[in-house]
2 protein chains.
Amino acid sequence: MRRPKEAQESATRERIVQAALTTLGEEGFAGTTARSIAKHGGFNQALIFYHFGSVNGLLLEAYRQMSEEQIAKYRAAAAEVSSLGDLVEIARRLHAEDLASGAITAVTQLMAASAADPEIAGIVLDRFEAWIAVVEDAVRRGIELHPLKDVIPVRESAYAISALFLGIELMSRLDPARSEAERVFDMLGGIALLIEQVTPMLGGSPSQP
Amino acid sequence: MRRPKEAQESATRERIVQAALTTLGEEGFAGTTARSIAKHGGFNQALIFYHFGSVNGLLLEAYRQMSEEQIAKYRAAAAEVSSLGDLVEIARRLHAEDLASGAITAVTQLMAASAADPEIAGIVLDRFEAWIAVVEDAVRRGIELHPLKDVIPVRESAYAISALFLGIELMSRLDPARSEAERVFDMLGGIALLIEQVTPMLGGSPSQP
DNA sequence: GTCTATAGTCGGATAGAC
DNA sequence: GTCTATCCGACTATAGAC
C-alpha cells in the first residue's frame, strides 16, 4: 500500500518511525526525546528534523501509522467472528498480541498526551471510533440469527465491549504476573457460552418492555 | 485522621499538592513542571523543593493522597450496594463525579507515567487492587441471597467490572459529547435488571422478600 | 541525505537574602 | 518559611561541512 501524496516512505523514514514507537514504549512519553529516539534507532538526532520537521511531527506520523495498522488488524480479526464465543476468543488473542508488541503501552502514552494536545486527542478518538465500529459490526453479525437480535442495542454493546477490552488491556499491563486477564477471558467465554445456550430457549415469544 | 510520621500537613504543603493535581489535569504529565505548578498555585517555585525535595517527590505524594481519597470514596459508595442494579447506579454516579473532578485525567497521566517509573507503577497497581477489592466486596454482598451465588467467580467478575468501569472512564473522557457513556450505563442497568429477574427463576428457590 | 557543532530555551535544583 | 538570583544540564532546532 503506497501513499501517493506526502509522507513517501523512504527506508530511513520508516526506521525513524519504528525507533520512535520503540522509544515510546520503553521510555514513556516524557522520555521520548529526539536524542533518545536517535539512540534507540542508531541514527543521528538531526535526521528527525530533516525528515519530520519536529519531534512532535514525527510522533504524530508514528501515531497515525500505528493506529492504521492496529485497526486493520482488528478489522481482519473481526471478520472471522460469527458468534459471541468467537468474539471472546479473538479478543483474547488480540490482547496477547497487543501486550507482547508494546501496542498497549503506546496507546496509554497516547491517551495521556491527549490531555495536552488536541491533535493527538483527535487521533485517539478516531482510533476508538474505528475500534467500536469494528466491534459493532462483529456483534451485528454475531447475533444475526439470534431470536433477540432486535432487542439488543448494538452500538451500546459495542461501546461497552470496547471499553471492557481497553480496561483489561490497561490493567493487565500494570499487573506483573499477568495471569489474571486470562482467567477473566475464561470467565467471559463461559458467559458467552451460557448466553448462546440459554437465550434460544426464550425465543418464539420474546417480550418487549 | 492525622498522620503521625512524616508528611505533616502544613497549609502550604496542601496548597502545593492541590496545585500539582490541578496542573496535572490541565497540562498533562509532560507539562507538569515545577515552574508550571508554581504558576498554577500562585507560589514560588523553590517552595516545591523546600517541602518535597524534588518535583517527583511532590508528584508521588500527590498521587498517594489522591489515590487514598478516591479509594475511600469508592469504598463508602460500595457500602450502599445491595443488588446488581445498585452497583450500576453507583458506578454511574462515581463516573460523573470522577469526570467532573478531573480525577480521570489524573489517572490517565498516572498510568502513562507508570511506563517509565516503577514507583508510580506500584502506586497505580495498589490503587487498582484496592479498587477491585471494593467491587469484589460489593459483588459478594450483592449476590449473597442469590441462588447462583456459589457458581459465580467473584474475583474475576470484580476484575471485569473494574476493567469495564476504567474503560468507560477513559473513553468517555476523550468523547467531546460525553453522552454515550450515559446510554451505556442505561443498557447495563437494563442487563442488571434482567439478570435479577431471570436468574431466580432458574434457582427454584425463593429470592428476595 | 547524513553528519558535527552549536545557538537558544527551558526545567531542576541550590545558595543565600529576608 | 518564603523569596530572588543563578548554575547547570538536557532539550529542540538549525547552520553548515561532507
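Throughout, protein chains are lettered first and strands after them, A, B, ... in sequence-line order, and every chain is numbered starting at 1. The shown structure was predicted, so the numbers you read here are calculated from the model rather than taken from an experiment.
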### Query
Hey, does the side chain of Thr12(A) come within less than 4.0 Å of dT2(C)'s phosphate (OP1/OP2), counting only N and O?
yes
### Message
Just to verify, which of Leu59(A), Leu60(A), Val17(A), Leu47(A) counts as forming a side chain to side chain contact (heavy atoms under 4.5 Å, CB included) with Phe52(A)?
### Response
Val17(A)
### Query
In whole Å, what is the span from the CZ atom of Arg35(B) to the C1' atom of dC11(D)?
14 Å
#### Entry: Gap between atoms CG and P, on Asn44(B) and dA17(C) respectively (whole Å)
17 Å
Show me, pair by pair, the donor-acceptor contacts under 3.5 angstrom made by side chains of residues 153-165 of chain A, not counting sequence neighbours?
from, atom 1, to, atom 2, distance (Å)
Arg155(A), NE, Glu180(B), OE2, 2.4
Arg155(A), NH1, Glu129(A), OE2, 3.0
Arg155(A), NH2, Glu129(A), OE2, 3.3
Arg155(A), NH2, Glu180(B), OE1, 3.1
Arg155(A), NH2, Glu180(B), OE2, 3.0
Glu156(A), OE2, Arg183(B), NE, 2.7
Ser157(A), OG, Pro153(A), O, 2.7
Ser162(A), OG, Ala158(A), O, 2.8

### Query
So what does Ala46(B) hit on the nucleic acid, given a heavy-atom distance under 4.0 Å: a base, only sugar-phosphate, or nothing?
base
### Task
Please check if the side chain of Ser36(A) supplies one atom and the backbone of Thr32(A) the other of a donor-acceptor pair under 3.5 Å.
no
### Query
Between Phe29(A) and Leu110(A), is a side-chain contact (heavy atoms from CB on, under 4.5 Å) present by the stated rule, with each step listed?
CA-CA 8 Å; Phe29(A) 182 72; Leu110(A) 262 182; over 6 Å; no
### Task
Calculate the interatomic distance between Leu58(A) atom CG and dA13(D) atom P; express it in whole Å.
11 Å
### Minimum-distance nucleotide to Thr33(A) side chain [options: dG12(C), dT4(D), dC11(D)]
dC11(D)
#### Entry: Derivation and outcome, salt bridge (charged side-chain N to carboxylate O under 4.0 Å, His left out), residues Lys73(B) and Asp98(B)
CA-CA 11 Å; Lys73(B) 200 181 73 175; Asp98(B) 286 353; 3.1 Å; yes
### Task
Measure from the side-chain heavy atoms of Leu47(B) and tell me the nearest of dT2(D), dG11(C), dA13(D).
dT2(D)
### Message
Let's see if you can work this out: which of dG12(C), dT2(D), dT2(C) has an atom nearest to the side-chain heavy atoms of His51(A)?
### Response
dT2(C)
### Query
To the nearest Å, how far apart are Phe49(B) CZ and dA5(D) C1'?
15 Å
### Task
Return the value, rounded to whole Å, for the distance between atom CD1 of Ile48(B) and atom P of dG1(D).
16 Å
#### Entry: Nearest-angstrom distance from the residue atom NZ of Lys39(A) to C1' of dA10(D)
12 Å
### Query
If you pin Ser36(A) and Tyr50(A) to their nearest nucleotides in DNA chain D, which one's is more 5'?
Ser36(A)
### Summary
Among the nucleotides dA13(D), dA13(C), dT2(D), whichever has the atom closest to the side chain of Ser54(A) is dA13(D)
### Task
Measure from CD on Gln45(A) to C1' on dA13(D) and round the result to the nearest Å.
8 Å
#### Entry: Distance in angstrom units between Ile37(A) CD1 and dT2(C) C1', rounded
17 Å
